[in-house]
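Structure first, then comments.
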Amino acid sequence: MSVVTSAAAAEPNPLREGLEQERVPDASVLVIFGAAGDLTHRKLIPALYSLAHDGLLPGGQAIVGFARSDFSDESFRRSLREACDKFARTRPTEDAVWDNLAKSIFYIQGAFDDPAAYDRLAAKLAEIDQACGCGGRRLYYLAVPPPFFPVISKNLGEKGMVGDPEQGGPFTRVIIEKPFGHDLPSAKELNRVAVTTFRERQVFRIDHYLGKETVQNLLVLRFANGIFEPFWNRQYVDHVQVTVAESIGVEKRGNYFESAGITRDIIQNHMLQLVSLIAMEPPVAFEADAVRDEKVKVLRALRDLPRAGMESVAVRGQYAAGSVLGEHAEAYQKEESVSPDSKVETYAALKIFIDNWRWADVPFYIRAGKRLPKRVTDISIHFRLAPYPLFRKNNQVATQPNVLAIRIQPDEGISLKFESKVPGPTVRTAPVTMEFRYATSFGAEPPEAYERLLLETMLGDSTLFARRDEVETAWAWLDPLLAAWSQSGAPQPYPAGTWGPAAADQLIERDGRKWRRP
Ligand code: BG6
């Protein structure tokens with residue numbers, strides 16, 4: 001069964017156009033530290049190109065790459081063009097759009113700890129201000145590992161390259177990438193360093209899940225519709241499931257993953273953000289602090305995981321050799337830069353509770369894993385059965401619970417499963433689904449998360465960024481689990497290409513429920 005939506009396929013959406021026109025920011029200089037790396041090539045520049053392609057970048061927006069590698073402006077632009085050809089959402093690259101963007105892209109070679117390099121950078125920025133009309137507005141993107149944050153912010157501060165918003169004047173903002181720490185103490189230390197040079201409202205912590213259209217749509221689904229809110233609570237919801245599954249392994253990131261594991265890599269940030277958005281109370285306004293105040297309350301209400309019997313609510317696994325999407329996949333322990341007796345988890349499943357009035361005793365089952373059968377991120381709200389089962393078969397309840405499934409990716413959309421009468425002379429029921437698909441309703445694939453997030457940093461709206469207290473509260477809750485796991489034996493093996501270890505199935509089946517197969 002399909003739902004006819006009002007936005008017909010391929011028709012321009014006037015509401016969206018109006019919004020986009022209103023939201024063109026002032027031109028600034030975006031300085032990317034670590035510009036020779038993967039993130040710049042795979043995500044940042046392709047996103048900036050797509051913004052330019054869609055007419056959303058302000059005229060005169062400039063980009064300066066800063067890194068140790070040896071590039072000239074020209075060779076830097078060439079390598080970025082190749083990256084756009086491969087990775088931009090809006091492909092093939094259009095020469096006119098690229099040429100226009102490329103003329104405002106520059107490169108400064110330098111080491112992060114060399115004060116002289118910052119003098120060269122400052123001189124270049126002043127030159128660009130004159131040529132492009134950027135008026136001293138600065139965005140510093142730290143696409144570098146966290147150990148470099150202190151030295152970069154110290155140098156920017158000492159060279160007088162950071163404006164103070166309390167004094168007025170052109171803005172300076174700093175954008176940082178996860179990991180925001182390894183545990184609570186290291187996260188606090190990073191945050192302390194950040195606020196010695198910048199004020200909290202100048203700091204934009206990227207969690208790219210918040211830039212996904214479907215994740216933002218969680219708020220719209222919940223708070224722009226009257227029908228969902230009345231049953232979005234413990235009275236009607238039996239349980240909630242969240243799955244972040246990936247078919248890829250750790251690829252070339254063995255080194256990083258060995259110190260992270262899936263819990264730090266996905267659960268601490270992306271998944272807890274999803275849980276907060278599903279569970280939060282309505283904010284008083286759709287405004288950065290109002291939204292983040294409500295999200296952090298959910299994190300504060302997370303029930304501590306029990307120290308005794310932790311294994312009944314927390315399961316970790318590690319992929320062994322297997323086959324994913326028809327191809328042989330090596331075991332995690334055989335991946336590049338991974339220890340052959342590594343105990344790092346590539347899969348984790350947790351049963352968690354949010355101790356507040358709305359969610360008391362409603363379990364949230366969440367799981368994330370690498371080398372699972374497919375790439376899918378899916379949230380499902382499982383409702384209680386109707387109070388009295390009128391429709392029975394052989395004296396058994398013949399109906400299934402309603403499920404609202406929110407497909408974050410791929411095949412972005414929402415479906416509602418409900419019971420329907422099977423046509424015919426007898427009263428037989430069967431589950432059917434109502435479907436909403438982004439691609440069908442809006443005639444386009446949603447933009448990349450980084451497009452939206454970069455635009456928001458230019459606009460200075462931090463609604464879609466993690467606030468300091470969110471990050472620290474998430475670590476405070478997870479630290480005991482991570483500490484317990486670091487003291488216990490090895491994670492349970494699961495063959496690559498399966499849905500994780502058997503213990504993860506038992507975690508939910510023990511409660512008479514089952515993981516949804518998205
Ligand atoms: C990153 C993780 O934050 O998110 C990666 O570090 C993971 O390990 C990636 O693969 C998943 O992002 P997405 O957008 O593909 O779901």
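All figures in this text were calculated on a predicted structure; none of them were measured in a lab. Heavy-atom basis, side chains included; hydrogens, waters and symmetry copies ignored. We count ligands from 1, going down the list as the structure has it; atoms in each ligand are counted the same way. By convention here, the first residue in the shown sequence is residue 1.
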Quick one: which ligand 1 atoms are inside 4.0 Å of a heavy atom on Lys370?
5 (C), 7 (C), 8 (O), 10 (O)
Check for me whether Arg205 meets the cation-pi criterion with Phe465, that is, NZ or CZ under 6.0 Å from the six-membered ring centre and within 45 degrees of the ring axis.
no
Under 6.0 Å from the six-membered ring centre of Tyr209 and within 45° of its axis: does the NZ or CZ of Lys212 meet both?
yes
heavy-atom search around atom 12 (O) of ligand 1 in the protein gives His208 NE2, 3.1 Å
State the atoms of ligand 1, each with its element, that fall below the 4.0 Å cut-off from a heavy-atom position in Arg375.
13 (P), 14 (O), 15 (O), 16 (O)
Walk me through whether Lys43 and Asp38 qualify under salt bridge (charged side-chain N to carboxylate O under 4.0 Å, His left out).
CA-CA 8 Å; Lys43 297 288 182 191; Asp38 223 38; over 6 Å; no
Assign the ring pair Tyr332 / Tyr319 to parallel, tilted or perpendicular, where the plane angle (0 to 90°) is split at 30° and 60°.
perpendicular
Option set Arg264, His270, Arg253, criterion heavy-atom distance to atom 3 (O) of ligand 1, minimum
His270
Quick one: look up the protein heavy atom nearest atom 14 (O) of ligand 1 and list residue, atom name and how far away it is.
Lys212 NZ, 2.6 Å
Do any nitrogen or oxygen atoms of Thr377 lie less than 3.5 angstrom from nitrogen or oxygen atoms of ligand 1?
no
Contact atoms of ligand 1, heavy-atom distance to Asp265 under 4.0 Å:
2 (C), 5 (C), 6 (O), 8 (O)
Assert yes or no for the condition that the ring centre distance of Phe364 to Phe353 is strictly below 6.0 Å.
no
Below 30° counts as parallel, above 60° as perpendicular, anything between as tilted: where do the rings of Phe76 and His41 land?
perpendicular
Begin from the C-alpha positions of Tyr141 and Phe33 and carry the test ring pair (Phe, Tyr, Trp, His ring centres under 6.0 Å) through to its verdict.
CA-CA 6 Å; Tyr141 201 120; Phe33 291 90; 10.0 Å; no
Residue part near ligand 1, for Phe257, under 4.0 Å between non-hydrogen atoms:
neither
Which residue supplies the protein heavy atom nearest to atom 11 (C) of ligand 1, what is that atom called, and how far is it?
Glu246 OE2, 3.6 Å
